[in-house]
Amino acid sequence: MSAKQEDIFKQVISHCKEYGFIFQSSEIYDGLSAVYDYGQTGAVLKKNIRDYWWKAMVQMHDNIAGIDTAIFMHPTTWKASGHVDAFNDPLIDNKDSKKRYRADVLIEDHMARIEEKINKEVEKASKKFSPFDEAMFRSTNGRVKEYQAKIDEIKDRFSKALNDGDLNEVRQIIVDEEIVCPISGSRNWTDVRQFNLMFSTSMGSVSEEASTIYLRPETAQGIFVNFLNVQKTGRMKIPFGIAQTGKAFRNEIVARQFIFRMREFEQMEMQFFVRPGTEMQWYEHWKTARLNWHRSLGLGHEKYRFHDHIKLAHYANAACDIEFQFPFGFKELEGIHSRTDFDLKQHEQFSGKKLQYFDSELNQSYVPYVVETSVGLDRLFLAVLSSSLKEEVLEGGDTRTVLSLPPAIAPYKAAIFPLVKKDGLPELAQKIFNDLRFDFDMTYDEKDTVGKRYRRQDAIGTPFCITVDHQSLEDQSVTIRHRDTMQQDRVAISGLHSLLNKKTGIAGLLRSLA
RNA sequence: GCGGAAGUAGCUCAAUUGGUAGAGCUCCAGCCUUCCAAGCUGGAGGUUGCGGGUUCGAGACCCGUCUUCCGCUCCA
């Protein structure tokens with residue numbers, strides 16, 4: 001990151017705090033690493049972004065159903081999904097090379113090297129003796145027997161240690177076997193630590209009955225386990241989607257870059273169920289559709305790009321990210337994955353329940369293929385905020401800080417000011433405010449000079465400021481000031497509602513997608 | 001996790017070789033004000049991130065710890 005980018009990023013972070021968008025969690029207790037709270041302006045902005053996503057995905061699609069599943073799920077869910085195995089690595093660091101290894105991999109590599117020695121002995125012997133009885137050689141040769149015994153011993157110790165969850169024993173094996181770091185060649189090891197990316201807690205009132213359950217590391221599984229419920233009760237026909245937004249939790253080893261990588265974060269995701277064989281066509285469809293959705297926010301087309309995954313996850317046959325140009329470079333904003341039938345098949349296997357769809361056109365049942373779109377809401381929030389924050393130099397050399405948020409998602413749609421705090425102007429301003437707040441997020445301010453109030457609203461991204469002046473009392477008109485241009489128009493009070501609706505409504509954005 | 005930098009009022013920053021913690025902005029109450037942060041009066045806000053240590057005396061020096069940012073590492 002360049003010094004300038006770093007500067008911009010720091011400005012974004014401090015702006016977030018100063019204007020009530022984001023606070024560090026439990027700040028009075030020194031905070032909690034990589035956990036953040038949304039403040040009074042941030043909560044509304046976040047909610048508006050979520051609403052826009054929901055409306056675009058659920059409200060505007062006949063064939064996408066929206067649900068809201070629990071954070072807690074049956075523990076077997078995570079065995080089926082692969083998270084228990086994939087996210088449960090014992091790790092060890094070499095203090096000299098500063099390299100981190102999976103302890104089980106170190107030990108397995110070590111055993112493989114001994115195995116290699118046996119193979120060499122066998123190879124040597126096979127050249128020496130003819131005819132050569134390999135089985136006989138293996139069971140009688142002293143050196144080979146010694147090596148084999150060693151392997152068996154390590155294997156026994158290792159599997160026992162893993163089963164007991166005895167990490168000290170795992171480390172002891174590495175020490176006893178004099179396993180060295182491939183980089184530094186030293187045996188200067190740290191303790192073995194278990195890094196499980198899933199947070200766990202226990203369920204059940206009595207400790208003996210308690211069972212370990214996990215906070216979901218992704219929201220997707222809540223959709224997969226409800227696939228048939230939604231399909232049957234919603235009478236959904238393939239292709240169809242199920243969407244939801246919600247919190248997910250990952251105990252990241254390093255969580256950094258403000259709200260970009262948090263331990264508790266919110267996903268907005270949709271799983272689209274399709275006929276096997278059509279998944280690539282739908283994958284392409286959603287790539288385009290999702291990119292268009294992002295671009296509709298007007299942050300700049302050049303800020304987005306696709307990044308195709310070369311190395312695919314175990315469940316996917318195609319995957320890409322939509323990346324956004326954050327202050328710290330292009331980073332993942334949304335993932336689009338063709339997940340095949342992996343998840344549903346896994347759940348079929350672990351639950352013993354059929355998760356199939358009867359396709360009346362083909363007159364057959366099958367496990368559908370899945371195309372997933374998954375956005376990080378917090379990342380999107382950061383994308384919107386960091387690209388909206390600007391320092392402008394005005395004529396005369398003054399600067400102003402303006403947050404040019406897309407009006408449809410701004411925390412406040414408009415602010416109402418009486419030009420001065422007397423002559424009945426506050427009363428009229430209040431009346432307008434009370435009238436408009438039924439339909440719009442509004443704010444009212446009569447403190448300080450009107451110029452100062454304009455700047456305050458600029459900083460939190462309010463697209464319009466409506467000022468009541470003396471002329472308003474005579475002809476029922478007000479001035480409306482545009483955030484981005486600072487231009488003012490005189491409009492009738494009676495026209496404010498439709499004006500705000502047109503300029504700040506989500507419907508305008510949704511129409512642009514069609 | 002390793003290495004680097006930093007942490008003083010809501011924000012930006014001061015505080016001489018260790019010697020009474022300050023300013024501007026913000027905020028609050030009031031006055032004045034006919035449209036882009038700049039007038040007047042008064043007020044609030046700090047165990048200097050936290051805990052130890054050295055010292056007659058620590059915001060400053062030492063140790064530990066927490067948090068943030070950067071690099072490495074990790075990231076279905």
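Just so it is clear: chains get the letters A, B, ... in the order the sequence lines come, proteins before strands, and each one is counted from 1.
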Q) If you look at every strand shown and take non-hydrogen atoms under 4.0 Å, does Gln471(A) touch a base, only sugar-phosphate, or nothing? A) nothing

Q) Using a cut-off of 4.0 Å on non-hydrogen atoms, how would the nucleic acid contact of Tyr36(A) be classed: base, sugar-phosphate, or nothing? A) sugar-phosphate

Q. Do Arg305(A) and Phe330(A) meet the cation-pi criteria used here (NZ or CZ under 6.0 Å from the six-membered ring centre, within 45° of the axis)?
A. yes

**Q.** Near-ring test Phe417(A)/Tyr444(A), centroid separation under 6.0 angstrom
**A.** no

Q.
For His285(A) together with Phe272(A), are the ring centres under 6.0 Å from each other?
A. no

Q) Of Glu218(A) and Ile259(A), whose nearest nucleotide on RNA chain B comes first from the 5' end? A) Ile259(A)

Q) Where each residue is assigned the nucleotide of RNA chain B containing its nearest heavy atom, which of Ile13(A) and Met486(A) is assigned the position nearer the 5′ end? A) Met486(A)

Could you tell me how far apart [X] ([atom1]) and [N] ([atom2]) are, to the nearest whole angstrom?
{"X": "Glu27(A)", "N": "G49(B)", "atom1": "CD", "atom2": "P", "value": "13 Å"}
{"X": "Ile460(A)", "N": "A37(B)", "atom1": "CD1", "atom2": "P", "value": "18 Å"}
{"X": "Phe258(A)", "N": "C70(B)", "atom1": "CZ", "atom2": "P", "value": "11 Å"}

Q | Nearest-nucleotide pick for Arg455(A), side chain only, options being C35(B), G10(B), A37(B) | A | A37(B)

Q.
Short of 4.0 Å, heavy atom to strand atom, which residues of residues 371-388 of chain A count as contacting RNA chain B?
A. none

**Q.** Separation between the P atoms of U73(B) and C25(B), rounded to whole Å
**A.** 47 Å

Q) So, is Gln24(A) close to the U67(B) phosphate, meaning a side-chain N or O under 4.0 Å from OP1 or OP2? A) no

Q. What is the per-nucleotide protein-contact pattern of nucleotides 22-34 of chain B, from the 5' end, where B denotes a base atom under 4.0 Å from a protein heavy atom, S denotes such proximity for sugar-phosphate atoms only, and - denotes neither?
A. ----SSS----BB

